[in-house]
Amino acid sequence: MSEKLKVSGGTALSEEDIRSGKIFVTEDSLNCAYAWDTGVAINRYLAELKQGRIIATECRKCKRVMLPPRLFCELCFIPCNTWRHVKDTGTINTFSICHVHWDASRIKEGEDPHLPAVIEIDGASEGMGIMHILGEVEPEKIKIGMKVQAVWKPETERTGSINDIKYFKPL
Amino acid sequence: MSKRVAIVGIGCSGFRTTSTDLSYREMIFEAATKCYEDAGGIHPQSIDSFVASSEDFMEGISIADEYVPDQLGAVLKPVQSIAGDSLQGLASALMQIKTGQQSIVATSAFSKVSNLSHYEKVAAYATDPAYIRPLKEHPYFIAGLEMNRYLFDSCSTREQCARVVVKNRYNAFLNPRAVYGAKITLEDVICAEPVSAPLGQFDISGHLDGAIVLLLASEEKALEMTDKPIWIKGIGWATDTPNLDSRSEGLGSAHYAKLAAEKAYKMAGIKSPVKEIDFAEIDDTFSYKELQHLEALQMCGFGEAGKLLEMGCFEPGGDLPVNVSGGSLGIGYLHEANGLQRVLETALQLRGEAGKIQLTGVETGLAFAWRGIPTATGTAVVLSNRL
Amino acid sequence: MGILEKITRNVDNRYWNPGVGAFPVKNRYTAGVAGQQFFERLKEDSKIFGTRCKTCETTYVPARLYCERCFERLEEKDWVDVGTEGVIHSFTVVHKTLEGEAKEKPDLIAAIQIADGILIHRLGELDDMEAYIGMKVAAQFKAKADRRGGINDIDYFKPL
Amino acid sequence: MRKVAIVGAGLTKFVRRALETPKELSFEATKTALDSCGLSLDDIDCVAHGSAPDAFDGIHQKGEYLADGCGGWNKPTMRVYVGGATGVHAVVHGWHHVASGMFDTCLVVCEEKMSNAMPHAQGFFLTIFDAITERALHPNLLWIFALEMNRYMQRYGYTKEDMALAAVNNKKNGLMHPSSQFKDEITVEDVLNSETMAYPVSRLDVSPVSDGAAAVVLAAEPVARRLTDKPVWIEGVGWTLDTAYWATRDLYYPRYLDKAARMAYEMAGIREPDKQINIAEPYDPFDYKALHHMEGLQLSPRGKTVELLRDGHFARDGNLPMCPSGGLLGVGNPIAAAGTMKICELFWQLRGEAGERQVPGDPRLGVAQAWGDLMQVSSVVVTGI
């Protein structure tokens, strides 16, 4: 009965086929830029980051202190407008030691690996993490559960971006 | 097909050319909240499933369906996205209810086209990469080709297309959701800056931001939830070939609209659309599209739409009011949300809640959406306030 | 113009941050099994080929791997030389660039019917006012040395 | 609820870089699926197709572009997408078309051509992250996999070696698959010694970037019975999306899959999935995901999966074969097509047509699952004969 199992098409090419001009290709790029409206909640989040603070919103019903802040509680489905400053310290929920750039090119010899982590921020509800990167730490020494603190850019260099926090370092 | 399905909740927000005040999430939250309130104050936890419609490049996000659940209250719920016009999203929601697995399904769509630097480039990215894109032309050239061929085939005139613009933008004056209301003359339209002649600047509907959420329910739930259910009598969608070189009836026809309407009419049990449909909200992304679609949807014979328009048949007081809301030319074009916008206007008319643009004694309406340049896909839906 | 024109892009009225706006999309496309051969014939022999479906008797131009109507595979024997002449199915005068700016000189773009198919291309050697639906045109190829294997190996179509 | 069956299936080869256009790949899979059940395009009422992000193929409104290759000429076509879960979800979407009573036959086609992305498909995953609060950090897809994998391993005390066992199992199964882009068997040492991309993820923990397409034909009960004496019934479907605020979830357990699986089992009337299901095709773009998903699918107790894997429980001749197709790790990962490939596998296995890959013991019930987005969505299909 196995003759019913058929596969057809999928002609494999090599990079050389294309580079040599044997196989014709066209190239294109989208070249459209986007200016996403940040909205009320993220706008305030970014403005506070510029001031060196992290702000969250609290749901009046379930009392969750939510990060990143949002204008509504997605679980209770009611609007939120109670703002709460939270600390710039937290706990590593999970992390990675990454040897490739975002475009999949490998980091160069001697260059430090990227250290992304999910950090549960103190003062927000349990489990409320944000993604950021770690610094001033030996990669081998990073542990889940480790306490960390934000290292801020100098005030004059902050632009109202998540990058106003340079990284989180161990406490 | 035993199960009947109705629209039981309507909510929208935005409908502005730019919307820096809210993020898309916040805008959808607002529309969803209004929709759920409209449906008797239902909590989203009681909704069985959710359908969104979007395209990645319009949002600048890959796999944009990731960001759907929160603002609809759909966390840990069945949620799926349709990469198509939101009327197809509506069809998907309808099918889910008809399977019997779901009873209440929300469907949503939004536009934040103001966040794009170049919509043209996104539309151009929809054309064939080997045969069309290397020409490096503005994608509306396809509309120019279609319009020219349509005028040739149907013996319609440039003036008749311009008249669509004059009518729809004037209609828009009375619709609070419309932002392109204007009193303009045929001459304004014809002499406007050409884009891809014969298509001019005012033949093209303007971009709009906005969010729409509709709630659908099975017959028994609908009757519990609202005293104004709008029944989905029939729906049909179809795709002609996406290739410009092999369209079923050449570039001048809207064959997809004909196929979609045939299916919708059959499901709705409509034999004579002209007699049985009281008014229509029909795609007018480009001026000529309204005429072309009217003919394909069997609202009149081929080549007659322009003449009937001149006679006033499609005016709010005419035999078949078309786009009394202002259409896309008058309201603005909401991209993926365009189809739901047509349903929204149709449903409000059928509920008798259309305010100053309310038509009298309407029972059955037709909404039709096209997928835009360069596609050949359309969806038609027949709605009624009678079971 | 107030009522006739409105701002429809945030970039026009608001601080624009390209760092945040980055959406780097770059693609490379093959022409496909049929397209590769179509462009080879165009480049090497200055010929336009279509593929003919025996079942529905449609001749696709440009040539395809399959008939979209019957779903028959179109094979080597189904390739037909359709000549380099066609008829204008429709045309348009494009006044805007891909960026949406006004062109210095508008371009004449046409859908040229060849057999049952259509090639979309530029028209040359004629004025806007002279073009008409039904006009016979012929392909003007680029010099062989300038051909790269693509639709632009045809420079434009010109009146016969 | 109308009964719906799978009556035909087709696949292309999965390759690193294909000559075919996305349309042509779709045609090949669709044509093979139609031929496998002796149908022509005239017999098909509608098309439900799926594809993940537009950025890979590099075509806006990709569903429209693909329509003719998927057999959609002059038919109702609708493209669904839920990120990586699209491949299995497209079958759910097709089930909606037929089970609703609106159509009797439906073509389900999924395609992905990742080699169109330049310079590498990985780069495009930057654009799945939140545009304002995350993209500025220049993340890549490996980050979230690595973060999830690390959390999962830490929670249950698993090692990298434990995870590598899944890669070895699946890649071995895949050697016999005619669509597979691999030829060589690998060992746990090979996985551990492959270069680290983002700790704990090494190169051989990951499925490859691929081009390919897959298709199945669905039919309502009376049509299905007329077409074949071995229809493979869709017994249950389920799908769920979790919050987009992914960093606020604990990543060690896929609760979105837990819910989706329960939804599908409830519809199928399955009470003890780990005892009743004969074949599992969990989604395995990374080796740990196969194990993670076995737990979410309720096919393995939480934290005990590696033990069962070591005992041979999930081998082809074990009690509950895991990814007998070879999965994404063993065959290749053209995202949406890979999910549908799993459905094709269930189709062949349950009909006893899987040839040398055939699972022994006359399997009756199988489950396929796919997953995607920001680690937040799962689609589940239960099939039976």
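The structure presented is a predicted model; accordingly, all values stated were derived computationally and were not measured. Residue numbers start from 1 in every chain, and the chains themselves are labelled A, B, ... in the order their sequence lines are given, proteins ahead of strands. No hydrogens, no waters, no symmetry mates; every other heavy atom, side chains included, goes into these values.
When each of D/Gly212, D/Pro334, D/Ala247 is checked for heavy-atom pairs under 4.5 Å with chain A, D/Ala247 comes out on top. With respect to chain A, the highest number of heavy-atom pairs below 4.5 Å among D/Arg17, D/Glu134, D/Arg249 belongs to D/Arg17. Of the residues considered (A/Arg70, A/His99, A/Glu74), A/Arg70 shows the highest number of contacts with chain D, using heavy-atom pairs under 4.5 Å.
For chain D, the nearby part of A/Ile18 is the side chain; its heavy atoms alone come within less than 4.5 Å. Contacts of D/Ser210 with chain A are absent, with no heavy-atom separation under 4.5 Å from either backbone or side chain. Using a 4.5 Å cut-off between heavy atoms, D/Phe14 makes no contact with chain A at all. If you measure heavy-atom distances from A/Leu46 to chain D, the contacts under 4.5 Å come from the side chain alone. When heavy atoms are compared at a cutoff of 4.5 Å, D/Leu141 does not approach chain A at all. Looking at A/Asn163, only its side chain comes within 4.5 Å of chain D, counting heavy atoms on both sides.
Taking non-hydrogen atoms and a 4.5 Å limit, the residue list of residues 132-157 of chain A in contact with chain D, ordered by number, reads A/His132, A/Ile133, A/Ile144. Using non-hydrogen atoms only and a strict 4.5 Å limit, the part of residues 24-34 of chain D facing chain A consists of D/Leu25, D/Glu28, D/Thr32. Residues of residues 143-155 of chain D lying under 4.5 angstrom from chain A, judged on non-hydrogen atoms, are D/Trp143, D/Ala146, D/Leu147, D/Asn150, D/Arg151, D/Gln154 in numerical order. Listed by sequence position, A/Arg106, A/His114, A/Pro116, A/Ala117, A/Val118, A/Gly127, A/Met128, A/Gly129, A/Ile130, A/Met131 are the residues of residues 106-131 of chain A in contact with chain D, using a 4.5 angstrom heavy-atom cutoff.
Within the model, atoms OH of D/Tyr252 and OG1 of A/Thr94 stand 13.5 Å from one another, a figure rounded to the nearest 0.5 Å. Going from atom OH of A/Tyr167 over to atom CG of D/Leu137 covers 14.5 Å, rounded to the nearest 0.5 Å. A/Leu13 CG to D/Glu20 CD: the interatomic distance, rounded to the nearest 0.5 Å, is 8.0 Å. With values rounded to the nearest 0.5 angstrom, D/Asp130 atom CG is found 9.0 Å from A/Trp36 atom CH2. Separating the CD1 atom in A/Ile23 from the CG atom in D/Leu19 is a distance of 5.0 Å, to the nearest 0.5 Å. Distance check: A/Cys98 SG to D/Met197 CE gives 8.5 Å after rounding to the nearest 0.5 Å.
Within the 3.5 Å criterion, the main-chain N or O of A/His101 finds a donor-acceptor partner in the side chain of D/Asn140. A/Ser96 places a side-chain N or O within donor-acceptor distance of the main-chain N or O of D/Tyr199, the cut-off being under 3.5 Å.
Looking at A/Val7 and D/Thr12, their side chains never come closer than 4.5 Å, going by heavy atoms from C-beta outward. The closest side-chain heavy-atom distance from A/Ile42 to D/Thr133 is below 4.5 Å.
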Going through the checks in order, is the side-chain contact (heavy atoms from CB on, under 4.5 Å) test met by A/Val100 and D/Leu142? CA-CA 9 Å; A/Val100 294; D/Leu142 290 167; 3.3 Å; yes
Can A/Asn93 and D/Asp250 be said to form a side-chain contact (heavy atoms from CB on, under 4.5 Å), step by step? CA-CA 8 Å; A/Asn93 173 284; D/Asp250 206 328; 4.1 Å; yes
